[in-house]
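See below for the structure under consideration.
Keep in mind that the numbers below use all heavy atoms, side chains included, and drop hydrogens, waters and symmetry copies. Numbers restart at 1 for each chain; the letters A, B, ... are given by sequence-line order, proteins then strands.
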2 protein chains.
Amino acid sequence: MTRQVVAIMREEILGRAVPLFAKVGFEGVSMRDIATTVGVTPAALYHHFPDKDQLYLAAVEHAFEGKVGPFKSILDGTGSPWERLEAFIAKFARVLDEENDFRRLMQWVMLDSNEERLQRLAHCVFGNLFNALRNVAGELVPTGSTHLLAVSTVGLIIYHFETKAVRRFLPGYEQRREDPAVIAKHVVGLLRNGLESSGPAT
Amino acid sequence: MTRQVVAIMREEILGRAVPLFAKVGFEGVSMRDIATTVGVTPAALYHHFPDKDQLYLAAVEHAFEGKVGPFKSILDGTGSPWERLEAFIAKFARVLDEENDFRRLMQWVMLDSNEERLQRLAHCVFGNLFNALRNVAGELVPTGSTHLLAVSTVGLIIYHFETKAVRRFLPGYEQRREDPAVIAKHVVGLLRNGLESSGPAT
DNA sequence: GTCTATACCATGATAGAC
DNA sequence: GTCTATCATGGTATAGAC
């Protein structure tokens, strides 16, 4: 029963830390910041996590918890490979649009210079999902490199959201084209038939 | 002539600062770090730049100097739109592969929470190149959104390099598929005909 | 399990000698 | 134009009372 209370406080800390790390990254957040946001003193945090590094790692994994499963279900699910891929793209675009913290944390992770953290997150967080996507790619293009195809697919979707903050200041930016459904449709068209048939964006 | 000496020291500082910022980002680098690398004291840096923010901004712009021009030349150059696009993709992949600092700085910029910096860099650094790419996209797909198409094209290429550090720990990673020429060929195939004709990766 | 208090160090930035 | 010296602030982390 004490165990539950401890676990709850742990969750509370992580829940508050995630948006902070998402916004300004590991180096940009201080233990004081997190403590203040949670409503405790910095010393209290050290009762739940040995140091800032471990807290960050736990926060990232917390942010990814439950996120990967649904995507994997879609990719491993029923229907033709194209149907599954399209469903994945639509949902992925929606999640990226709605959950900025999740997306930004992914970006911070990619820039992490710490090999240990990188490896751990690759295995714990990305591994399963990436494999499911590779499987679908393999069904669609038996002769291609599933690794290459999976990366291209994800990059094609995610880059629209990674660059959104900058693109607001670039020419041709239009609010209505930032709808995740529009982006998903565009991406599917491109994957199906290439550029020239990606046609008019709705 | 004193002007020249000053300018040289400025360049020297920026040249040394770029790799530092590229590796650990704005928050990860201290003025002491930069000073040590340059071989002066921190106080000396403040003779050339008013504060850390301005030094960072100058470093980023320094890293992008000369980079944008050649890409723009290719895109604005002669030949069919497809030829120009392919040449751009090939060169872009090569540069991303060779110049890690350049690529990582782009990634840090995308995560910047500072609206001012973001806007300035968008205009000074990305604006021209992005427009040139949009023009080519417009020639290829007169009915499509050039903004969407340009973002997709860049994302399709760049994501292979952004994720490289993580992908090393993911299944299906193969050294020989990390060759920028292989990636460029893969991307061109995808843009030309979509997934199913992206065929076997060389 | 959280607090107060604090040790100890790194940070950005400046003043003033040379 | 660079140095030495220094300041105020804020960083991680710990000790020990409650």
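- B:V136 is not listed as a side-chain neighbour of B:W82, based on a closest heavy-atom distance of 4.5 Å or more.
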Full working for side chain to side chain contact (heavy atoms under 4.5 Å, CB included) between B:K164 and B:Y173:
CA-CA 9 Å; B:K164 190 170 174 181; B:Y173 178 86; 3.7 Å; yes

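- With B:D97 contributing its side chain and B:R94 its backbone, the two residues share no donor-acceptor pair below 3.5 Å.
- Residue A:V29 is classed as a sugar-phosphate contact, given heavy-atom separations below 4.0 Å to backbone atoms only.
- Taking the side chain of A:M9 as heavy atoms from C-beta on, and the options D:dT14, C:dT2, D:dT4, the nearest nucleotide is C:dT2.
- A:S30 has a side-chain polar atom (N or O) that falls below the 4.0 Å cut-off from OP1 or OP2 of D:dG11.
- For A:H47 and D:dT14, the shortest distance from a side-chain N or O to OP1 or OP2 is not below 4.0 Å.
- Between A:R168 and A:E178 there is no salt bridge, since no side-chain N of the basic residue sits under 4.0 Å from a carboxylate O of the acidic one.
- An OP1 or OP2 oxygen of D:dC3 is reached within less than 4.0 angstrom by a side-chain nitrogen or oxygen of B:T41.
- Rounded to whole Å, the distance from CG on A:L20 to P on D:dG11 is 12 Å.
- Going from atom NE2 of A:H48 over to atom P of C:dC3 covers 10 Å, rounded to whole Å.
- Here the C1' atom of nucleotide D:dT12 and the CZ atom of A:F26 are 10 Å apart, to the nearest Å.
- B:I13 places its CD1 atom 10 Å from the C1' atom of D:dG1, with the value rounded to the nearest Å.
- Note: CZ (B:F49) to C1' (C:dT14) measures 18 Å, nearest angstrom.
- For a distance-only test at 3.5 Å, the side chain of A:R32 qualifies as a donor-acceptor partner of the base of D:dG11.
- If you measure from atom CD1 of B:I34 to atom C1' of C:dA13, you get 14 Å, rounded to the nearest angstrom.
- As a whole-Å value, the separation of A:K52 NZ from D:dG11 C1' is 8 Å.
- Note on B:A43: a base of the nucleic acid sits closer than 4.0 angstrom, heavy atoms only.
- Spacing between atom OH of A:Y46 and atom P of C:dA7 amounts to 17 Å, rounded to whole angstrom units.
- Between the side chains of A:S30 and A:D33, at least one donor N or O lies within less than 3.5 Å of an accepting N or O.
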